[in-house]
Novice: 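The following block contains the structure, expressed as structure tokens.
Only this structure's heavy atoms are used, side chains among them; waters, hydrogens and symmetry mates stay out. Below, read A as the first sequence line, B as the second, and so on, with proteins coming before strands; counting in each chain starts at 1.
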Amino acid sequence: MPELPEVTTISNQLKKELTGKVISSVSVNVGYKVHPSNEEFLKWVTRSTIEDVGRIAKVIVIIVGKSDARRYISIHLAMTGRLRFWRSLPNQESPQTGDSLVEMRFEGGTSLVFTDVRRFGYVKLLNEGELKVLKAKYGPDPLSVDLKSFSKNIRSRRTNIKNALLDQSLISGIGNIYANDALFMAKIHPKVSTGDLTIQQFNNLLSSIRQILYEGIEHRGSTLGDLMYTDIYGFYGEHQNYFRIYGKSFCSICKSKLEFMVLNSRGTYFCPVCQKEDSPDSGESLYRSLLI
DNA sequence: ATGTTTGTTCCGAT
DNA sequence: CATCGGAACAAACA
């Protein structure tokens, strides 16, 4: 499930637990490959100190330092990636054969284990230049972007609004679940063209996105039916209990039967009554007149 | 057996 | 060139 709220939850917890810790040893599963190579990763990370932990889009970034140099362990959880923090060494399974793909042990006896059943995620060791490249791939963060950049970026792509929200180069961190909920909250039909949205709708949409992401963070993310996502302590998120429309059958506002469609290969829920496909201000050029 | 899933990237078609 | 849809990555589940 990891979208922005889940990644933020994990990143915040890691920052609290790991900052200042020395990595005493590292192991990578024999059947797993990390960038740039397992050898390089082990060589660099072993005996390094964790300086900070942060997030770029949906990527967790652990900053490690060693003799005046610095590297960035970037971790993408994709669909099924997990990070689990242990107070004591997880003894049982050997990282060479178990589910553990990458394991870092810290002085003091704690450890961090990365697992990923479907292996869509990754662990990479980046240098300064590679981190910049990574950062450049992503659009601004929805929690800090201003309305003008948000609308300008979205409008730069001629497609439907839901597809644009999922395009990480335009705005980063929003995934399918939160996109569904944000569009419902802003009463915008997922298929509306980016160019047809008014400045008022962009304003509502950005506010909705922020509110929903903040709620998601407060609830420590969403754990779906597969129980895949947990925080680093193994606790489930709670935000699935607060979904506005994702996975629902009836509109919480007008009680209409919700509709479901596949849009750009992603499951899409919408209320045919609250989210009209026709823009209420269709035909007007308010946005353009304000910009120029 | 087929279709579905929280993400991303790449390719060929348009 | 921009964009789209589908496939791919791989696994569990209904």
Novice: Quick one: which of C/dG6, C/dC9, B/dT5 gets closest to the side chain of A/Phe120?
Specialist: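 Nearest nucleotide to the side chain: C/dC9.
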Novice: Between A/Arg157 and C/dT3, is there a contact of a side-chain N or O with OP1 or OP2 at under 4.0 Å?
Specialist: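 Looking at the OP1 and OP2 atoms of C/dT3, one of them is under 4.0 Å from a side-chain N or O of A/Arg157.
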Novice: Could you tell me if A/Arg105 and A/Ser27 have a donor-acceptor pair between their side chains, going purely by distance under 3.5 Å?
Specialist: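 The answer is yes; a qualifying pair exists.
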Novice: Calculate the interatomic distance between A/Arg155 atom CZ and C/dA2 atom P; express it in whole Å.
Specialist: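 Taking CZ of A/Arg155 and P of C/dA2, I get 18 Å after rounding.
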Novice: Strictly by modelled atom types, are A/Ser149 and A/Asp146 linked by a side-chain donor-acceptor pair under 3.5 Å?
Specialist: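 There is such a pair (donor and acceptor under 3.5 Å, judged by atom type) between the side chains of A/Ser149 and A/Asp146.
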Novice: Which whole-number value in Å describes the distance from A/Tyr229 OH to C/dA11 C1'?
Specialist: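 So the two atoms are 21 Å apart, to the nearest Å.
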Novice: Within the pair A/His76 and B/dT8, is there a side-chain N or O less than 4.0 Å away from OP1 or OP2?
Specialist: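 Answer yes for this pair, as a side-chain N or O of A/His76 is under 4.0 Å from OP1 or OP2.
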Novice: For B/dG7 and A/Arg266 - does any side-chain N or O of the residue sit under 4.0 Å from the phosphate oxygens OP1/OP2?
Specialist: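 Answer is yes, contact under 4.0 Å.
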Novice: What residues, two or more places apart in sequence or in another chain, satisfy salt bridge (Lys or Arg N to Asp or Glu O under 4.0 Å) together with A/Glu51?
Specialist: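 Checked A/Glu51 against salt bridge (Lys or Arg N to Asp or Glu O under 4.0 Å); matches are A/Arg70.
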Novice: Does C/dC4 have OP1 or OP2 sitting under 4.0 Å from an N or O in the side chain of A/Asn163?
Specialist: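 It does, given that an N or O in the side chain of A/Asn163 lies less than 4.0 Å from OP1 or OP2 of C/dC4.
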Novice: Within the 4.0 Å heavy-atom criterion, would you say A/Phe260 contacts the bases, only the backbone, or no part of the nucleic acid?
Specialist: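 Counting heavy atoms under 4.0 Å across all strands, the contact made by A/Phe260 is with sugar-phosphate only.
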Novice: State whether A/Thr159 places a side-chain N or O below 4.0 Å from either non-bridging phosphate oxygen (OP1 or OP2) of C/dC4.
Specialist: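 Yes.
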Novice: Take N1-N3 plus N6-O4 or O6-N4 for Watson-Crick, N1-O2 plus O6-N3 for G-U, both under 3.5 Å. Which runs of 3 or more such pairs involve DNA chain C?
Specialist: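 Stem list for DNA chain C: B:2-5 with C:11-14, B:7-14 with C:2-9.
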Novice: Check this one for me: any side-chain N or O of A/Lys137 less than 4.0 Å away from OP1 or OP2 of B/dT8?
Specialist: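 Answer no for this pair, as no side-chain N or O of A/Lys137 is under 4.0 Å from OP1 or OP2.
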Novice: 5'-most contact on DNA chain C: A/Ser156 or A/Ser265, nearest heavy atom basis?
Specialist: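 On the 5' side of the pair lies A/Ser156.
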Novice: Distance check needed: B/dT4 P versus A/Ile177 CD1, whole Å only.
Specialist: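 Going from A/Ile177 (CD1) to B/dT4 (P), I get 17 Å.
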Novice: Please state how far atom CD1 in A/Ile171 lies from atom P in B/dG7, giving the value in whole angstrom units.
Specialist: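 Rounded to whole Å, this separation is 15 Å.
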Novice: Calculate the interatomic distance between A/Ile154 atom CD1 and C/dT3 atom P; express it in whole Å.
Specialist: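 These atoms are roughly 12 Å apart.
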Novice: How many Å lie between CG on A/Leu224 and C1' on C/dA12, as a whole number?
Specialist: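 Going from A/Leu224 (CG) to C/dA12 (C1'), I get 13 Å.
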Novice: By the 4.0 Å heavy-atom rule, please label A/Gly267 as base, sugar-phosphate, or nothing.
Specialist: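 Result for A/Gly267 = sugar-phosphate.
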Novice: Show your reasoning for whether side chain to side chain contact (heavy atoms under 4.5 Å, CB included) applies to A/Ile73 and A/Lys124.
Specialist: CA-CA 6 Å; A/Ile73 302 174; A/Lys124 295 181 179 182; over 6 Å; no
Novice: Take atom P in C/dC1 and the same atom in B/dT8, then report the distance between them in whole Å.
Specialist: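 Here C/dC1 and B/dT8 have their P atoms 25 Å from each other.
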Novice: Could you tell me the separation between the CG atom of A/Leu227 and the C1' atom of C/dC13, rounded to a whole number of Å?
Specialist: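 Distance, rounded to whole Å: 12 Å.
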Novice: Is A/Lys187 close to A/Ser208 at the side-chain level, that is, under 4.5 Å between some pair of heavy atoms?
Specialist: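 No - every pair of side-chain heavy atoms lies 4.5 Å or more apart.
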Novice: Considering only side-chain heavy atoms of A/Asn264, which listed nucleotide, B/dT9, C/dG5, B/dG7, is closest?
Specialist: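 The closest nucleotide is C/dG5.
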Novice: Taking only residues two or more places apart in sequence or in another chain, which ones pass salt bridge (Lys or Arg N to Asp or Glu O under 4.0 Å) with A/Glu130?
Specialist: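 Listed in chain order: nothing, the list is empty.
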Novice: To the nearest Å, give me how far apart NZ (A/Lys162) and P (B/dG7) are.
Specialist: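 Roughly 9 Å, once rounded to whole Å.
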Novice: Going by atom types only, do A/Glu17 and A/Gln13 share a side-chain donor-acceptor pair under 3.5 Å?
Specialist: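 No, A/Gln13 and A/Glu17 have no side-chain donor paired with an acceptor closer than 3.5 Å.
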Novice: Does A/Gln168 make a side-chain N or O approach to OP1 or OP2 of B/dG7 shorter than 4.0 Å?
Specialist: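 Checking B/dG7 against A/Gln168, no side-chain N or O comes under 4.0 Å of OP1 or OP2.
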Novice: Quick check: closest heavy atoms across A/Asn176 and A/Glu3, and the distance to 0.1 Å?
Specialist: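 Smallest interatomic distance, heavy atoms only, reads N-OE2, 3.5 Å.
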Novice: Under 4.0 Å, counting only non-hydrogen atoms across every strand here, what does A/Ser169 touch: a base, just sugar-phosphate, or nothing?
Specialist: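 No contact.
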